[in-house]
Amino acid sequence: MPVITYREAIRHALAEELARDANVVVLGEEVAQFNGAYKVTEGLLEKFGPARIVDTPISEAGFIGMGIGASMLGVRPVMELMFWSFYSVAFDQILNNAANVRYMSGGQINCPIVIRGPANGGTNVGATHSHTPENVLANHPGVKVAVPSTPADAKGLLKSAIRDNDPVFFLENTILYGTEGEVPEGEVVIPLGLADVKRTGTDLTIVTYGRCVLHSLAAADLLQKEHDISVEVVDLRTIRPLDMDTVLASVAKTHRVLIVEEQKPFASVGSQLAYMIQREAFDELDGPIHRLATVDAPAIYSPPVEAEQLPNPQRVLNAALAALG
Amino acid sequence: MSNPAATIVEKPRASPAASAAVNASLAPAAKIALHRTMVRIRRFEERSLHLYKDAKDNVKIGGFLHLYIGQEAVAVGCCSLMGKDDHVITAYRDHGHAIAVGMELNPLMAELCGKATGCSKGKGGSMHFFAPDKNYWGGHGIVGGQIPLGAGLAYGIKYKGLKGAAMAFLGDGAVNQGAVHEAYNLAALWSLPVVFVIENNGYSMGTSQARSSAGDLAKRAEGYGMAWGVIDGHDLYEVRAGMDKFLRAAREQSKPAVVEIRTYRYRGHSVADPDPPNSTYRTKAEIEEYRRTKDPIQVFQNALVAEGVLTAALIEQIDNDAREEVERSVEFTRASPYPTAADIQSDVYWETDNPSQRKSQGRLFFD
């Protein structure tokens, strides 16, 4: 099976869907001539031409709203946000218009738009460029939210997202763009809402997603080697829809839960998960649900300190030991 | 309630626009239909206001109600020019456009009262009327927020290679929103077939144009290299003649434009904004002056009488028909059920509304 990067996997998904469906267009800042701010869309302009791969001005509210309007007419725009952090200037378009138009029209209008781009800290770009809005997005009924951790998941989930008739918000990670993994060639479609057990174990369930999956797997290795603790890592892959069946099955096996997320703690995805797990698996739990999140402050710039503000393998390891304590 | 049939416009003006090709080519029946649509809008709006104030069990309007009374010639004039590939989107003062594109009154009145038979199944309300089958894309509540969507409709028209145009309506209060200017830039940059129609009724809620907007509203288009124009919105012939030019440029040459149509609303911004003498920003005399000299229904009615198209008997018949149609919509609404609590979670996702075609897994709803 070919080994490719997360960036290439996303590019392959885009190229395959552009080739499959003439209604798919890619729009965003620097996606065409510049080949993408993070080179995700490199080569697509040459292959698909300027009608399908479109550079936009720096005008997120304008071009995202435009994509929503076009999607109502059956175009399937895949819009790139250079950073998901910029969603705030298009908030009304994303979360008033895209999320609500189907409902307010009594189901008469579909909005098959994908908005994708990186949403992560850890690159020393300060508070304005380090937002992780998956909890904010998923708070809005009508939308779907995916946060892939591996190249294979990124490709398979993005292909599902582009084919979906509801708005899908796809949160990537600049630090993962260069990571490699095996990705099957050709048609790889992973349904939204299907979690993946990335490592099996018996002593503790770590529920996580995105880059924190990698930290959790690294911590799980150390826990096995140094502490003889067997950790199961459940990668949610999508936040909404949410695969609780896989989470609950793991909890029933290990009876201990640690949630790991690159979120600010207050009203995070983990907060919702903790509520649901205690509500639906209370009798399975041998201890309180633990949660490791980002240290609760705006993203600090100072590079060595930012690494400590975010979840990392050592922090996950410490949190796991506390959860088992 | 005003009765257009009984109102006297003291100085009816001859409309030079009547002889414009787009108007001269109208058959008498088509002119009568335009008049009828304006009368239907007015009677619908008056009855809605009455219902709002005199709520009865089972026929009751909640929340906001933004009335279109006084502005009828704008929506009717513009929408009468629509071809099969033309599309319309507007803001929350959306009842007039809905009727102008051909929506029936029954589902509109039912929507106002939150009934399951409403055009949005009681889920949208007054500000959120939609009829995609009539190329009507709402009905949007946030000032200016619909304008990027209007540019998107034009993008879709162009991408699909259709010879259509989008009309994106906004109020004079929306012209200072950033999203509007972002849409202007995209439309001009990419030559999108869209006409941005500023319905200038003089007031953004209670703030007059002079107190909210610098410069001429439509002229801002020059900054984006777009064509622009100003149209007298009291005269339906003027609206049609003026808009026809811009719509043709959009359809045939994919040229966007910004058009200001000057109009006036007789009622408050919404029902929460009282009429004089309790209004904080305008006088009864001002409203009466418009009503007396520029009422769009009366202006057009006078023109059609002068042309021999309308007679007093026909005017009365049209008005009676409109009143009866509106009453039937009230009765339809009264007899209609409310949505059920179980309906709250339908129409949220396409996938859950089409379960046999669902591809995703997992939970989409939470409690």
Side-chain angles (χ1 to χ4, degrees), chain A residues 23 25 27 51 54 56-57 59-75 77 89-90 92-93 96-97 100-112 141-144 160 163-166 189 191-195 236 238 240-246 272 276, chain B residues 87 89 111 118-125 127-133 137-142 145-157 159-160 166 178-179 181-187 189-190 192 345-351 353-354 357 359-366:
Chain A
N23 284 320
V25 289
L27 299 102
V54 183
T56 65
S59 185
E60 286 86 1
F63 74 73
I64 297 275
M66 196 200 74
I68 295 165
S71 80
M72 301 191 311
L73 279 188
V75 180
V89 297
D92 181 51
Q93 297 302 323
N96 247 330
N97 288 340
N100 289 339
V101 73
R102 177 174 180 81
Y103 196 69
M104 295 194 307
S105 66
Q108 296 182 84
I109 296 173
N110 301 336
C111 182
V143 314
K144 297 171 181 173
S160 283
R163 298 176 189 190
D164 203 286
N165 286 333
D166 295 309
V189 181
L192 304 176
L194 182 64
L236 293 175
T238 63
R240 189 168 187 152
L242 183 63
D243 178 3
M244 277 304 284
D245 290 350
T246 299
Q272 174 68 18
M276 294 174 75
Chain B
H87 294 263
I89 191 166
E111 187 64 30
C119 56
S120 296
K121 303 182 189 171
K123 295 177 175 181
M127 300 188 287
H128 308 119
F129 288 177
F130 293 85
D133 60 320
W137 300 93
H140 293 266
I142 303 298
Q146 79 284 7
I147 297 304
L149 271 56
L153 293 171
Y155 186 91
I157 290 165
Y159 186 77
K160 288 169 177 281
H181 289 268
E182 295 195 25
Y184 282 1
N185 180 58
L186 292 172
L189 187 69
W190 293 337
L192 301 180
Q345 288 186 314
S346 60
D347 304 312
V348 179
Y349 290 98
W350 180 90
E351 267 204 323
D353 294 336
N354 298 275
Q357 296 172 74
K359 294 199 177 81
S360 80
Q361 303 181 25
R363 296 188 199 177
L364 276 166
F365 293 100
F366 300 85

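Labels below follow one simple rule: chain letters A, B, ... track the order of the sequence lines, proteins then strands, and each chain is numbered from 1.
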Could you have a look at A/Val54, A/Thr238, A/Val143 and say which one has the most heavy-atom pairs with chain B under 4.5 angstrom? A/Val143
Please flag which part of A/Val189 lies under 4.5 Å from any non-hydrogen atom of chain B: side chain, backbone, both or neither. neither
Quick one: of B/Cys119, B/Ala151, B/Gly152, who has the most non-hydrogen atom pairs under 4.5 Å with chain A? B/Gly152
Go through the atoms of B/Leu192 and report whether side chain, backbone, both or neither lie under 4.5 Å from a heavy atom of chain A. side chain
Interchain contact, A/Asn110 with chain B, by part (heavy-atom threshold 4.5 Å): side chain
A/Leu236 versus chain B, the contacting section by heavy-atom distance below 4.5 Å: neither
With a 4.5 angstrom heavy-atom cut-off, which part of A/Gln93 approaches chain B: side chain, backbone, both or neither? side chain
Heavy-atom pairs under 4.5 Å with chain B: which of A/Gly74, A/Pro241, A/Pro191 has the most? A/Pro241
Flag the pair A/Pro57 / B/Glu182 as yes when at least one side-chain heavy-atom distance between them is below 4.5 Å, and no otherwise. no
Smallest heavy-atom separation, B/Asp347 atom then A/Gly106 atom, equals OD1-O, 3.4 Å
B/Leu364 portion near chain A, given a 4.5 angstrom heavy-atom threshold: both
A/Ile64 versus B/Pro148: any side-chain heavy-atom pair under 4.5 Å? no
Please identify, among A/Ser59, A/Ala195, A/Pro112, A/Gly107, the residue contributing the most non-hydrogen atom pairs under 4.5 Å to chain B. A/Ser59
So which heavy atom on B/Ile147 is nearest to which on B/Ala183, and how close? CG2-CB, 3.6 Å
Considering only heavy atoms and a distance below 4.5 Å, find which of B/Trp350, B/Tyr159, B/Trp137, B/Phe130 pairs most often with chain A. B/Trp350
Nearest non-hydrogen partners of B/Glu111 and B/Lys123, listed with the distance: OE2-N, 3.3 Å
Correct closest heavy-atom pair for A/Ala51 and A/Val25 would be O-CG1, 3.9 Å
Within this structure, what is the CD1-OH distance for the pair A/Ile109 and A/Tyr103, rounded to the nearest 0.5 Å? 15.0 Å
With a 4.5 angstrom heavy-atom cut-off, is it the side chain or the backbone of A/Ser105 that approaches chain B, or both, or neither? both
Heavy-atom pairs under 4.5 Å with chain B are the metric here; pick the option from A/Thr56, A/Val89, A/Asp243 that has the most. A/Thr56
Option in A/Val75, A/Leu242, A/Asp245 with maximal non-hydrogen atom pairs under 4.5 Å from chain B: A/Leu242
Checked A/Glu60, A/Arg163, A/Gln108 vs chain B; the most non-hydrogen pairs under 4.5 Å come from A/Gln108
Testing the basics here: between B/Arg363 and A/Met276, what is the closest heavy-atom pair and its distance to 0.1 Å? NH1-CE, 3.2 Å
What part of A/Asn23 gets closer than 4.5 Å to chain B, counting heavy atoms only: side chain, backbone, both or neither? both
So which atom in A/Cys111 and which in A/Ile68 form the shortest heavy-atom distance, rounded to 0.1 Å? SG-CG2, 3.8 Å
Please state whether the side chain, the backbone, both or neither of B/His87 comes within less than 4.5 Å of a heavy atom of chain A. side chain
Checking the side chain of B/Gln146 only, and the main-chain atoms of B/Gly138 only, is there a donor and an acceptor separated by less than 3.5 Å? no
So for B/Ala131, is it side chain, backbone, both, or neither that comes closer than 4.5 Å to the heavy atoms of chain A? backbone
Which bit of A/Gln272 is near chain B, if near means a heavy-atom gap under 4.5 Å: side chain, backbone, both or neither? side chain
Would you mind checking which part of B/Leu153 comes under 4.5 Å of any heavy atom in chain A, side chain (CB onward), backbone (N, CA, C, O), both or neither? both
Give a yes or no on whether the backbone of A/Asn96 and the side-chain of A/Asn100 come within a donor-acceptor separation of less than 3.5 Å. yes
Atom NZ of B/Lys359 and atom CG of A/Leu192: how far apart are they, to the nearest 0.5 Å? 11.0 Å
